[in-house]
Amino acid sequence: MDIPHQRLVYFQVTVEAGSIRRAAARLNIAPSAVSRQIGLLEEAMAASLIERTRDGVQPTRVGEMLLDYILQREKLDQNLGERLDAYQRLETGEIRLIIGEGFVGDIINSPLRAFRKQYPGITLKVDTGSMQSIIDSVIEDEADIGLMYHERVHPQLRFWHSSPQPLVAIMSPEHPLASESHALTLEEVAQHPMALWGPSHGVRQLMDDGFREAGVRPHMVVQTNSMEVLKQAARSELCITLLPAFAAARELQEGVLIARDVECASFRQARAHIITRVGRRMPRASLQLLRHLERWIAAFSGPRQAAR
């Protein structure tokens, strides 16, 4: 039932004032105008809403039901206003992120930690996925923000910030190539056993392109969809792996792994990207998180930050 708000106000004030004349005085209008609006309200509801007594007017049973409705509506309006106000002040809300697995360690410890400290009422939903699943989730609005590696252009994606993140050789300090100070050639890398992502992963596609251009084939002995398997294989001296340095930042800092540059143009051109869907309107909370992520990703300095 679509009831004009003005009529509800006239009815409520009349009940609270106890008479049409006193209600008219409060509303600064003629009593006849109040009577007319209440009459239209009674016509719409097909029931009497007020009855006259010696002391003035009082609501009928239907009038009491309508008055209860008005009070409940006021509470809902107030609640909505408070919630909207809290949302605008970034005290509540949810942001959905989807990120590549290599970002997990750094993003949790740095920008997300800082954002949560500043906006404790915001819920962060964080999922991981391959490059293609990140793109699909952002395009289909299953995620608000994506963080991915390697992809450089896409007609349905807005690239908020990109950071150069070359693909480097990650290995144990005890590996034979660890003592080399020069940038490794793909021919040198291909001579050693390697642990690599599965063929659908963005890093693997970048790696395959580089080896194909160089005319050499990698000696793959481990294939996995797990970042942890790749790093553990490298730590065990079993294999070399190829990753952006930030994906093993903690291990590189601790010295249990080292990074060596690789002489490959496509590896050097790889980048990490913050993305949203083109045309998507971003809530204030999401824009604030984007700023945190932009500052964080801009601080990446590439492989030499952690190489030893």
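Since this is a predicted model, take the numbers as computed values, not measurements. Each residue takes its place number in the sequence, starting with 1.
Ser133 places a side-chain N or O within 3.5 Å of a backbone atom of Ser130 that can act as its donor or acceptor partner. With hydrogens and angles disregarded, no donor-acceptor distance shorter than 3.5 Å links the side chain of His273 to the backbone of Ile275. In this structure, the side chain of Ser236 engages the main chain of Ala233 through a donor-acceptor pair within 3.5 Å. Using modelled atom types, no side-chain atom of Glu94 and backbone atom of Thr123 make a donor-acceptor pair closer than 3.5 Å. Looking only at distances, no side-chain donor or acceptor of Arg158 sits under 3.5 Å from a matching main-chain atom of Ile274. Of the possible polar contacts, one joining the Ser163 side chain to the Ile297 backbone as a donor-acceptor pair under 3.5 Å is found.
A search for side chain to side chain donor-acceptor pair (under 3.5 Å) contacts involving Asp127 returns nothing, not counting sequence neighbours. With sequence neighbours excluded, the residues forming a side-chain contact (heavy atoms from CB on, under 4.5 Å) with Gln205 are Met131, listed by chain and number. Legend: residues meeting side chain to side chain donor-acceptor pair (under 3.5 Å) with Glu294, ordered by chain and number and at least two apart, are absent. Remark: His292 engages Gln118 in a side chain to side chain donor-acceptor pair (under 3.5 Å) (not counting sequence neighbours). Annotation: side-chain contact (heavy atoms from CB on, under 4.5 Å) contacts of Arg22 (sequence neighbours excluded): Ala17, Ser19. Gln191 pairs by the side-chain contact (heavy atoms from CB on, under 4.5 Å) definition with nothing, not counting sequence neighbours. In terms of the side chain to side chain donor-acceptor pair (under 3.5 Å) criterion, residue partners of Tyr10 (sequence neighbours excluded) are, by chain and number, Gln6.
Within 6.0 Å of NE2 on His5 lie no more than 12 heavy atoms contributed by other residues, nucleotides or ligands. Annotation: Arg116, atom CZ; neighbour count of heavy atoms from other residues, nucleotides and ligands within 6.0 Å is above 12. Arg268 CZ: more than 12 foreign heavy atoms inside a 6.0 Å radius.
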Enumerate, atom names and distances included, each donor-acceptor pair closer than 3.5 Å involving a side-chain atom of residues 193-202, sequence neighbours excluded.
from	atom 1	to	atom 2	distance (Å)
His201	ND1	Val203	N	3.1

Output side-chain donor-acceptor pairs under 3.5 Å for residues 166-178, partner residues at least two apart or in another chain, one line each.
from	atom 1	to	atom 2	distance (Å)
Ser172	OG	Glu174	N	3.0
His175	ND1	Leu177	N	3.0

Using residues 25-44 as the side-chain source, report each donor-acceptor pair under 3.5 Å to any protein atom, sequence neighbours left out, with the distance given to one decimal.
from	atom 1	to	atom 2	distance (Å)
Ser35	OG	Pro31	O	3.3
Gln37	OE1	Arg7	NE	3.1
Glu42	OE2	Leu49	N	2.8

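Summarising the geometry, atom CG belonging to Leu252 is positioned 9.5 Å from atom CD belonging to Glu254; distances are rounded to the nearest 0.5 Å. Between atom CE of residue Met207 and atom CG of residue Leu186 there is a gap of 9.5 Å, rounded to the nearest 0.5 Å. Atom-to-atom distance recorded for Asp261:CG and Glu180:CD is 13.0 Å, nearest 0.5 angstrom. Rounding to the nearest 0.5 Å places CE of Met282 at 6.0 Å from CH2 of Trp160. Separation of atoms CD (Glu263) and OG1 (Thr185) is listed at 8.5 Å; rounding is to 0.5 Å.
The salt bridge (Lys or Arg N to Asp or Glu O under 4.0 Å) pairs that include a residue from residues 207-234 are Arg204-Asp208, Asp209-Arg212, Lys231-Glu251, where partners are two or more places apart or lie in different chains.
Proximity of Leu289 to Leu97: side-chain heavy atoms (C-beta onward) are separated by under 4.5 Å at one or more points. Counting heavy atoms from C-beta outward, Asp141 and Arg277 have side chains that approach closer than 4.5 Å.
In this pair, Phe103 and Phe246 present their aromatic rings parallel. The plane angle is below 30°, not in the 30 to 60° band.
Cluster partners of Val222, using a side-chain heavy-atom cutoff of under 4.5 Å among ILVMFWY residues and allowing indirect links, are Val221, Val229, Leu238.
For the 3.5 Å distance criterion, the side chains of Gln165 and Tyr149 fail to qualify, holding no donor opposite an acceptor.
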When you look at Lys125 and Asp144, which way does the salt bridge (charged side-chain N to carboxylate O under 4.0 Å, His left out) test go after all the steps?
-> CA-CA 10 Å; Lys125 180 182 178 183; Asp144 302 302; over 6 Å; no
